[in-house]
Number of protein chains: 2
Amino acid sequence: MARTDPARAVTLTDVARLAGVSVATASKALNGRDQVKDSTRQRVVEAAERLSFSPNALARGLLAGRTGTVGLLTSDLEGRFVIPILMGAEDAFGAGQVSVFLCDARGDAIREQYHLRALLGRRVDGLIIVGRQTDPRPSLGPDIPVPVVYAYAPSDHPDDRSLTPDNTGAGRMAVEHLVACGRTRIAHITGEHAYAAARDRAAGVRDALTAAGLELVGDVMYSEWSERWGRDATAMLLEQHPEIDAILCGSDQIARGALDMAHALGRSVPDDVAVMGFDNWEVLTTNSRPELTSIDANLQQLGRTAAQWVFAALDGKDIGTGTQFVDGRLVIRGSTVARR
Amino acid sequence: MARTDPARAVTLTDVARLAGVSVATASKALNGRDQVKDSTRQRVVEAAERLSFSPNALARGLLAGRTGTVGLLTSDLEGRFVIPILMGAEDAFGAGQVSVFLCDARGDAIREQYHLRALLGRRVDGLIIVGRQTDPRPSLGPDIPVPVVYAYAPSDHPDDRSLTPDNTGAGRMAVEHLVACGRTRIAHITGEHAYAAARDRAAGVRDALTAAGLELVGDVMYSEWSERWGRDATAMLLEQHPEIDAILCGSDQIARGALDMAHALGRSVPDDVAVMGFDNWEVLTTNSRPELTSIDANLQQLGRTAAQWVFAALDGKDIGTGTQFVDGRLVIRGSTVARR
DNA sequence: AAAGAAGCCGAAAAGGTTTTCTGAAGATAG
DNA sequence: CTATCTTCAGAAAACCTTTTCGGCTTCTTT
């Protein structure tokens with residue numbers, strides 16, 4: 001910083017002196033306590049403003065036992081699922097008096113432990129643990145002295161409180177939409193089998209197909225979460241099963257690849273084949289031709305709820321245990337329904 | 001949180017009692033001060049471990065005048081430029097003892113002011129202000145009592161310290177690459193003219209073309225930062241100037257659209273036309289066919305440097321004033337150079 | 001053996017705020 | 001005019017840690 005800084009931060013003592021009262025009175029005046037005459041209060045408030053006094057949150061927290069801070073411990077900032085959750089949480093907290101400590105463990109358990117210690121040392125009032133996949137993650141254990149909510153990646157311990165997208169439901173929702181559009185010969189291309197998200201969605205897909213009296217065309221095609229795989233899988237699919245009328249893709253990236261290849265092979269979307277993705281990553285869904293129908297996981301909502309749970313627990317309310325699932329939201333665009 | 005929490009956090013007094021020493025000695029033992037017998041130190045350390053004591057950072061900060069925290073105030077978490085910067089900063093800090101407060105002002109000046117007060121109240125040791133565009137932003141003013149570094153969006157006040165990508169240089173770098181590839185008839189499609197990033201890159205493009213004795217084909221085509229615009233602009237371009245052999249796009253999104261349309265119109269990339277973008281957004285650049293050459297703005301490096309500057313200023317070093325520019329990095333892929 | 005030195009530990013203060021309790025002044029009732 | 005009550009201001013303690021300084025014990029030196 002280029003500018004010189006004042007020798008010392010202004011304290012309540014300074015304000016009290018300027019207003020000609022004791023620190024006790026100054027404190028009461030500024031915090032809206034009674035036992036202060038109106039004229040006195042005004043003097044104090046003016047003094048505080050003239051010195052642009054802002055109370056030292058450390059001293060306050062030390063005394064109150066509450067700091068008004070929350071730790072947000074993520075295992076992977078890079079991942080695009082973390083950000084909306086983070087925004088939602090920041091949103092819910094930001095409205096109040098709470099500040100957020102952000103820590104990125106980079107998927108490293110040691111680093112996570114390290115950050116955890118730091119956060120507890122700073123006496124955060126609560127913790128939100130955000131994983132990068134929906135697969136369960138190791139619990140932090142029962143000995144954390146503040147409320148903990150696991151978001152996206154649920155804890156593997158049933159006594160913890162977790163919040164994760166309902167991927168099975170999302171799979172069902174997708175198929176129901178395709179069926180409602182009159183599609184009956186549906187294939188499913190998705191990402192790595194190692195991901196619970198892929199398996200759960202596929203399970204939902206099977207459920208809904210069975211319920212509709214239909215069968216999946218071919219097997220679920222697991223591989224990588226990439227546009228390239230979307231292209232390759234679609235090429236194979238259209239050769240082996242030229243009769244298909246819908247390709248449900250495990251992510252928007254895969255769907256972009258599918259769209260691309262369908263065009264290249266002379267199929268019209270959505271007239272010949274419907275294409276659909278998951279995640280509703282707008283940069284992909286709204287820029288394709290036609291735009292992509294997708295299932296939004298409502299991650300921002302998930303982040304907000306997690307934050308509200310931490311609040312509730314802080315207020316002594318019981319927020320229960322176990323994993324709660326957050327519903328997805330169908331976003332219909334041109335890749336499954338012809339315009340007009 | 002489901003589990004019950006202990007009545008009270010464990011303090012140094014508890015440790016001292018268990019070890020049979022005074023708090024003063026306990027403190028010195030745990031902090032590696034001398035004036036403590038080895039056997040005593042060991043007793044204290046064991047006691048601390050048994051109680052899983054972690055020192056209250058608030059009390060420490062109150063006393064030391066330093067909190068070991070830094071505020072990261074962004075105007076737009078959603079934007080994808082903020083995240084890498086944030087990661088870089090978190091990286092540089094995370095190695096040490098510093099925790100990061102994250103605040104999102106959502107582009108709202110009132111909200112920003114509010115967060116700023118909260119951060120100063122929490123006695124952060126420094127601030128990094130991250131904007132969402134490279135256009136200069138209003139300074140926070142000279143009265144902030146801690147070091148401030150502006151990242152991505154520089155401050156509009158010359159006495160502040162700012163760090164921003166060198167977009168003019170990036171524009172030059174892009175043209176130099178295309179020229180080195182033997183391209184001579186180069187067009188430039190870019191985003192909104194309102195963005196300094198677009199104008200600066202265009203200026204760099206003109207510089208480099210002039211230096212190479214070339215002229216831009218057509219005018220710089222400003223419009224929106226979207227794939228759609230990339231497609232539309234490319235269609236116009238190829239009709240009006242069928243002789244072009246390179247399309248330099250102001251973003252990877254635009255470049256994806258250009259790539260798409262070039263294919264659709266039967267042009268081979270990179271044989272007939274080279275296509276190139278900016279930002280090196282991997283999800284776009286490495287998934288296209290062919291993969292996209294782009295200029296990476298080194299944002300993570302930018303974030304790291306910003307953090308290091310804050311550190312340096314904290315250590316009393318002079319970090320100077322004004323805006324420093326961070327060089328971009330050319331990432332060559334198949335859209336400008338044929339494979340093999 | 002006495003004096004000085006070195007090693008080790010604890011008492012106390014400091015940091016800034018909030019809260020409780022005491023006390024003083026003024027007001028009201030008898 | 002006295003006794004009781006109300007209103008308002010201030011003194012002091014509490015939160016937890018670190019650091020300084022004084023003092024006690026033990027060892028070394030002459």
Side-chain angles (χ1 to χ4, degrees), chain A residues 6-45 47-48 51-69 97 118 120-125 145, chain B residues 6-45 47-48 51-69 97 118 120-125 145:
Chain A
R8 202 175 50 80
V10 30
T11 95
L12 191 57
T13 311
D14 302 329
V15 175
R17 184 167 29 227
L18 180 59
V21 299
S22 71
V23 282
T25 306
S27 171
K28 283 182 284 195
L30 292 177
N31 291 305
R33 293 270 164 289
D34 47 6
Q35 305 219 328
V36 179
K37 199 165 28 168
D38 274 357
S39 61
T40 312
R41 187 186 306 278
Q42 188 141 2
R43 270 212 325 283
V44 174
V45 169
L51 301 176
S52 65
F53 166 74
S54 75
N56 187 324
L58 275 69
R60 190 180 266 175
L62 186 57
L63 195 56
R66 280 232 195 156
T67 55
T69 60
Q97 319 283 352
L120 293 179
R122 297 196 189 284
R123 296 294 186 268
V124 293
D125 294 333
Chain B
R8 203 175 50 79
V10 30
T11 93
L12 191 58
T13 313
D14 302 327
V15 176
R17 185 165 31 224
L18 180 62
V21 299
S22 73
V23 284
T25 307
S27 171
K28 282 182 285 195
L30 292 177
N31 291 304
R33 292 270 164 291
D34 46 8
Q35 304 217 328
V36 179
K37 203 170 18 172
D38 274 357
S39 61
T40 311
R41 187 188 306 277
Q42 189 142 2
R43 271 211 325 283
V44 174
V45 170
L51 301 176
S52 65
F53 165 74
S54 75
N56 187 323
L58 274 70
R60 191 179 264 176
L62 185 57
L63 196 56
R66 279 233 195 154
T67 55
T69 60
Q97 319 283 351
L120 292 179
R122 296 196 189 284
R123 298 294 187 269
V124 293
D125 294 333

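Every chain is numbered from 1, with letters handed out A, B, ... down the list of sequences. Below, all heavy atoms of this structure are taken into account, side chains as well, without hydrogens, waters or symmetry copies.
The one candidate from A:Leu12, A:Val36, A:Val15 that meets the side-chain contact (heavy atoms from CB on, under 4.5 Å) condition with A:Ser27 is A:Leu12.
Rounding to whole angstrom units, CD of residue A:Gln35 and P of C:dA24 are separated by 16 Å. The nearest whole Å value for the distance from the CG atom in B:Leu62 to the C1' atom in D:dT18 is 11 Å. If you measure from atom CG of B:Leu58 to atom P of C:dA14, you get 21 Å, rounded to the nearest angstrom. Taking atom CG of B:Leu51 as the reference point, atom P of D:dC16 lies 14 Å away to the nearest angstrom. For the pair A:Arg17 CZ and D:dA9 P, the interatomic distance rounds to 19 Å; values are reported in whole Å. Atom CG of B:Asn56 is separated from atom P of D:dT17 by 6 Å (rounded to the nearest Å). A straight line from CD of A:Gln42 to P of D:dC8 spans 15 Å, rounded to a whole angstrom. Distance CG (B:Leu120) to P (C:dG16): 16 Å, rounded to an integer number of Å.
With axes fitted over five pairs at each extremity, the angle between the ends of the helix from C:dA1-D:dT30 to C:dG30-D:dC1 is 60° (10° resolution).
In this structure, B:Asn31 contributes its side chain and B:Arg33 its backbone to no donor-acceptor pair below 3.5 Å. In this structure, the side chain of B:Arg123 does not engage the main chain of B:Leu62 through any donor-acceptor pair within 3.5 Å.
Taking only side-chain nitrogens and oxygens, A:Thr40 comes nearer than 4.0 Å to OP1 or OP2 of D:dA9. A close approach under 4.0 Å does not occur between any side-chain nitrogen or oxygen of A:Thr11 and OP1 or OP2 of C:dG15.
For the pair B:Arg41 and B:Gly32, the tightest heavy-atom approach, listed with the atom from each and the gap, is NH1-CA, 3.4 Å. Of all heavy-atom pairs between A:Ala19 and A:Ala47, the closest is CB-CB, 4.0 Å. The two residues B:Val10 and B:Ser52 make their nearest non-hydrogen contact at CG1-O, 4.1 Å. In this structure, B:Ala16 and B:Ala26 approach most closely via the heavy-atom pair CB-CB, 4.0 Å.
Of the candidate nucleotides C:dC9, D:dT17, D:dA9, D:dT17 has the atom nearest to the side chain of B:Phe53. Nearest nucleotide to the side chain of B:Arg60, out of D:dT18, C:dT18, D:dC16: D:dT18.
Within residues 18-33 of chain B, the residues having any heavy atom closer than 4.0 Å to DNA chain C are, in order of number, B:Val21, B:Ser22, B:Ala24, B:Thr25, B:Lys28.
A:Arg122 places none of its side-chain heavy atoms less than 4.5 Å from the side chain of A:Thr69.
Both B:Leu63 and B:Arg41 lie close to DNA chain C; mapped to their nearest nucleotides by heavy-atom distance, the more 5′-ward contact belongs to B:Arg41.
Taking the salt bridge (Lys or Arg N to Asp or Glu O under 4.0 Å) definition, one finds that A:Asp125 meets it with nothing, sequence neighbours left out.
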